[in-house]
Each structure stands twice: as C-alpha cells, then as structure tokens.
Amino acid sequence: MDAKELQQQLKQRVEQKLRPLFSKYNQDYTDLESALKWKPTVLLIGNYSSGKSTLINELVGEEIQRTGQSPTDDSFTIITHDTPESAGQEIPGSSLVNDEALPFTAMKKHGEQFISHFRLKNVALPALADMAIIDSPGMLDAVTENDRGYDYMAVISQLAKLADLVVLMFDPHKAGTIKETYTAIRDTLPESAGEDRIVFVMSRIDECDSTSDLVRSFGTLCWNLSQMTGRKDIPHIFLTYAPDQKETNLDLSPWTTERAELTERIFTAPTFRVYHILQDIDRQVNELQLTCQAMASFSQKARDLTWNSLKFSSVAAILAFFFTGLISKLLFGFPEQSLLEAMFSGETTMAHMAFPLAGVTMVVVTSWTWLTRLSFPHLLNKIRTNKRCLLTLDSEYRRHLWKKIEKNVDELLFRANLGQIFGGHRRNQSRIKQFLQQDVAQFYDNIKK
Ligand SMILES: Nc1nc2c(ncn2[C@@H]2O[C@H](COP(=O)(O)OP(=O)(O)O)[C@@H](O)[C@H]2O)c(=O)[nH]1
Ligand SMILES: [Mg+2]
C-alpha cells in the first residue's frame, strides 16, 4: 500500500476512534487534523540570504522564488504541484486560510499582516505532487513583533509541527549569531519538531576565501549551535553550495556530494509522513491518557462522596420515616397518632403516612442540597487547588506531561457536571489503550512492510 493511501486510512481510523475522545476531554485536535489532512511537507527556515530560495529554485528547476543579497522576500510561500493545468497559479493567503481542505485555517489567528505574507505557488514539477516545500522570510537580528506585524515565531512553530523535515540554513557570513535564529533553535523548534526532523545546513561555502576561513565559520556555527541547543554533540551539518556558484579559490571536492545528499533527504521526507503522524499520535494520546486518568480519579472521589452521602441519607430517611410523626407529636402535639403508634395498635391507614413521607422528603431535599451545594463544591475546590492529588506523578516524564495538561484538567473540572462524574472514564482509558496497542501498532507494522 502506498504512503498516501496509508495516511488516508490512518485519518479515518483516528477520526472514528480518537476524535470523539479528544473532544470529550477538550484536547486540541487541530495539529493532528492538519497533519492528517495534508501532504508531506518540508519547511525551509534560516537566516536571511542563507540561500533558502536559491535551493528551492534548484529543487524545482525554475526561478520560482526571488533571490538576493538583502532580505528580498518576506513571505511564507508554499510550493507544490497540483495538476499540470494549475502550474503557474498562485493562491493568496486569504484563500489558503479559508480553505477547509487545507491545513491552514488555524493560521487565521496570526492576523492580516501574516495572511498578506502567505501564499501558495503551483509548479509544473510532478515530484512535488505528493509533497510541499515551504520557503520562509529570513530570520533577522534586530526585529520585533511590531516590525513584522505578526508573531513570526508562532508561525514558524505551527508550520514546523506540520513538517516532516525542517531544513535550518546558515551561511558562513552569519554563522548562527542571528537573534531570531537563536530563539527558534532554543525555544520554538524543540516544542514543534522532533530532533530527528531537523537538518542543519551551512550553504554558500564557496564564498569562503580559504579552507581556514571555512573551518573558522564551521567552528563558529558549531559553537553557536551548542550554545543554542544546550548540547555538547554537534549534529551533522550539510556543507553545501549552489552548483552554479562563482569562481572560487577553495577546493570544494570534499563537499561536492553534500548538495545531492541534502536534496535526497528533502525528497525522501514524504516517506516518513505516516511514521511522523504516528509519533504525533503517540505523544498526544499520552496527554489524553493522563487527562483521562485524572478525570477518572476525580470521578472516583466524587462517586465516593455521593455514595457516602447516599448511605448517610438512607439511614436518615429510614429514621425520618418512622420518627417524624412521633417527634412532631411530642413537640407540637400533632398528629394525634404517629405511624409508630398506629403500627403498635395495628391500625395503620394512609393518613398515617403523611408525616413519614414529609420527613423522608425533607431528608432527601436536605441531603441533595447538602451534597450539591456544599460537599461537592467543597471537594471540587479542594481538588482544583491541589490537582496533583488526582495522579501519582512518579517520573520526570509524567511530571512533564502533567504540566502540559494541567490547565485543561482544571477547565474540565471547572465545567464538571454529572456527565463528567459518571462519564465512563475507565472505559475511555481502555479505549485509548486499545487504540495504542492495536491500531497504532498495526500501522507501525504496515510502514515497516
Ligand atoms: N556564491 C554563492 N551564492 C549563493 C549561494 N546560494 C545563494 N547564493 C546567493 O546568495 C543570495 C541570497 O540567496 P537567497 O536564496 O535569496 O537567500 P534566502 O534569503 O535565504 O532566500 C542570492 O544573491 C544568491 O544568489 C551559494 O551557494 N553560493
Ligand atoms: Mg528567500
């Protein structure tokens, strides 16, 4: 089965089995939905003039993107192939964010400024029929959100979540000292894309005057990268240059194949699509599972409370049934004969039931009011101020997961109603488990084939 068909099947399975649980537990489904409904994607980001657009033109085989030494292009451009007839067609951001078939509706929130800097270009390259490449405005140094008019990092983060490969480009002139690049590597990317989905590239190496110049730039980049990632080990960095580069003094023979290797990496990114979606499912389902566990624990506490109050009020109701009449007679002088007295004399009539039933009603109303107005809100309050009591967070992993879901759990508790208390959380837990053990496992098996 081809990857596209497999993705389609996975989409159906997730919609049928997981989506209802996502909405029940108020968990955001948009990222998963976006990934499921669209083509494999490669995102190119990096410093301005690092050669992103040049690389794209090379991959596509035509001058589809403008290139230049200064920050020439300040748009996010999706490049893909639809039909041969649509080649050359350009779709503006305003249409992209309103098209339900595309995964960009959630990008509306970045505002008009972003939308006017967002477009899709259809090209005549069939190799891009089942994938898309996204070119991005270069990262800048002294830039604020106001300069761009939208939250650039938030856009990068959202697109990176959609991407099967993020190509992060540098050049020897600015080997990683750009402020936005720093923020992207340090904060934005780790939240949006797994390490295995990022490749580092230093392009334009032909512009180094000598090998020592190249080594210095490479060293600077490595040093900066380790500062940004906080890691000691340096990932593989592709050292490349555009094949039609100018005359150079440098012997580039050790790196002649790197451009082709990078190109291959880009064009094979789609083969990891289903695997990446499964990884995302795994991650998100773990959050869902913990949320479900927390709600199950809450529901248990609420049920214990209800059960205890039911036991107490049943005893109170029985006592009220037999003694209300007697107590009323002793205190107020009526009824003339209480139920107990009537029973002893063996002449019980319907009239004797009035006081017992009134007593029972009073007990039921009082218990219900007590439970719903006092005990339950008190329990809820206690839990909401100490939500951790719902779960045992005995590993770093669970604590990390908890941080992500804590707000959502609080919201669920805030809206807690009978549906949440008797919501079948345990059954949902086993549904989730079953989905991971059967459905997800089956898809992992399928992609191995
Ligand atoms: N010598 C040389 N110039 C390059 C190379 N790649 C890009 N350029 C030039 O560098 C400038 C910036 O490239 P561009 O692709 O627009 O960078 P972007 O801002 O990252 O999209 C352009 O003038 C390109 O012609 C390369 O490998 N070698
Ligand atoms: Mg560009």
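What you see is a predicted model; the values in this text were computed from it and never measured.
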Undergrad: Could you measure the distance from the CH2 atom of W368 to the CZ atom of R373? Nearest 0.5 Å is fine.
TA: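 One gets 10.0 Å once the value is rounded to the nearest 0.5 Å.
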
Undergrad: Which residues satisfy the side chain to side chain donor-acceptor pair (under 3.5 Å) test with E261, sequence neighbours excluded?
TA: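 Expected list: T257.
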
Undergrad: Does the T80 side chain pair with the main chain of L128, one donor and one acceptor, at a distance under 3.5 Å?
TA: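 Between the backbone of L128 and the side chain of T80 there is a qualifying donor-acceptor contact (under 3.5 Å).
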
Undergrad: Taking side chain to side chain donor-acceptor pair (under 3.5 Å) as the test, write out the residues that go with Q289, two or more places apart.
TA: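 Checked Q289 against side chain to side chain donor-acceptor pair (under 3.5 Å); zero matches.
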
Undergrad: So does K39 get a backbone contact from the side chain of R273, meaning a donor-acceptor N/O pair under 3.5 Å?
TA: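 Yes; judged by distance alone, with no hydrogens or angles, the pair exists.
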
Undergrad: Please determine whether ring-ring contact (aromatic ring centres under 6.0 Å, His included) holds for the pair F104 and F118, giving the CA-CA distance in whole Å, both sets of side-chain angles, and the decisive distance to 0.1 Å.
TA: CA-CA 10 Å; F104 308 115; F118 186 39; 5.3 Å; yes

Undergrad: Does a salt bridge link R197 with D164, judged by any charged N lying under 4.0 Å from a carboxylate O?
TA: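 Judged by the 4.0 Å cut-off on N to carboxylate O distance, R197 and D164 do not form a salt bridge.
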
Undergrad: Using modelled atom types only, decide if a donor and an acceptor are shared between the side chain of N47 and the backbone of K174 within a distance under 3.5 Å.
TA: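 Flag set: sc N47 to bb K174 pair under 3.5 Å.
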
Undergrad: Does D31 come within less than 4.0 Å of K161, counting only side-chain N to carboxylate O?
TA: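 Looking at K161 together with D31, the answer is yes, because their closest N to O distance falls below 4.0 Å.
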
Undergrad: Does CZ belonging to F422 count more than 12 external heavy atoms closer than 6.0 Å?
TA: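 Counting other residues, nucleotides and ligands, CZ of F422 exceeds 12 neighbours.
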
Undergrad: Does S297 reach the main-chain N or O of Q293 with its side chain, forming a donor-acceptor pair under 3.5 Å?
TA: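 No.
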
Undergrad: Would you kindly check if the NZ (Lys) or CZ (Arg) of K109 is within the cone defined by 45 degrees around the ring axis of F114 and under 6.0 Å from the six-membered ring centre?
TA: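 No - K109 does not lie over the ring of F114 by the 6.0 Å and 45° rule.
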
Undergrad: Hey, is CD on Q227 packed in by over 12 heavy atoms from elsewhere, all under 6.0 Å?
TA: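 Yes, CD of Q227 has more than 12 neighbouring heavy atoms, counting only those of other groups under 6.0 Å.
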
Undergrad: Would you please indicate if the ring centroids of H378 and F376 are separated by under 6.0 Å?
TA: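 No - the distance between ring centres of H378 and F376 does not fall below the 6.0 Å cut-off.
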
Undergrad: Can K52 and D135 be counted as an ion pair, charged N to O under 4.0 angstrom?
TA: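 Salt bridge: no.
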
Undergrad: Just do the side chain to side chain donor-acceptor pair (under 3.5 Å) check on W370 and S309 with the steps written out, would you?
TA: CA-CA 9 Å; W370 187 275; S309 115; over 6 Å; no

Undergrad: Ion pair present between R283 and D280, side-chain N to carboxylate O less than 4.0 angstrom?
TA: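 Here R283 pairs with D280 in a salt bridge, since their nearest N and O are under 4.0 Å apart.
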
Undergrad: Is the Y152 to H110 ring centre distance short of 6.0 Å?
TA: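 So the answer is no for these two rings.
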
Undergrad: Please confirm whether the backbone N or O of A163 pairs with a side-chain atom of T41, one donor and one acceptor, at under 3.5 Å?
TA: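 A pair under 3.5 Å: no.
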
Undergrad: Taking atom types as modelled, is there a side-chain donor on T30 or D28 under 3.5 Å from an acceptor on the other?
TA: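 The answer is yes; a qualifying pair exists.
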
Undergrad: Less than 4.0 Å between a side-chain N and a carboxylate O, is that true for R388 and E406?
TA: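 No.
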
Undergrad: So that I can tick it off, tell me whether E58 and R259 are bridged by a salt bridge, with the cut-off set at under 4.0 angstrom between side-chain N and carboxylate O.
TA: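 Yes, this pair counts.
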
Undergrad: Taking only residues two or more places apart in sequence or in another chain, which ones pass side chain to side chain donor-acceptor pair (under 3.5 Å) with E411?
TA: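 So E411 forms a side chain to side chain donor-acceptor pair (under 3.5 Å) with N26.
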
Undergrad: Can you confirm whether the side chains of S210 and S212 place a donor and an acceptor under 3.5 Å from each other?
TA: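 The criterion, which ignores hydrogens and geometry beyond distance, is satisfied for S212 and S210.
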
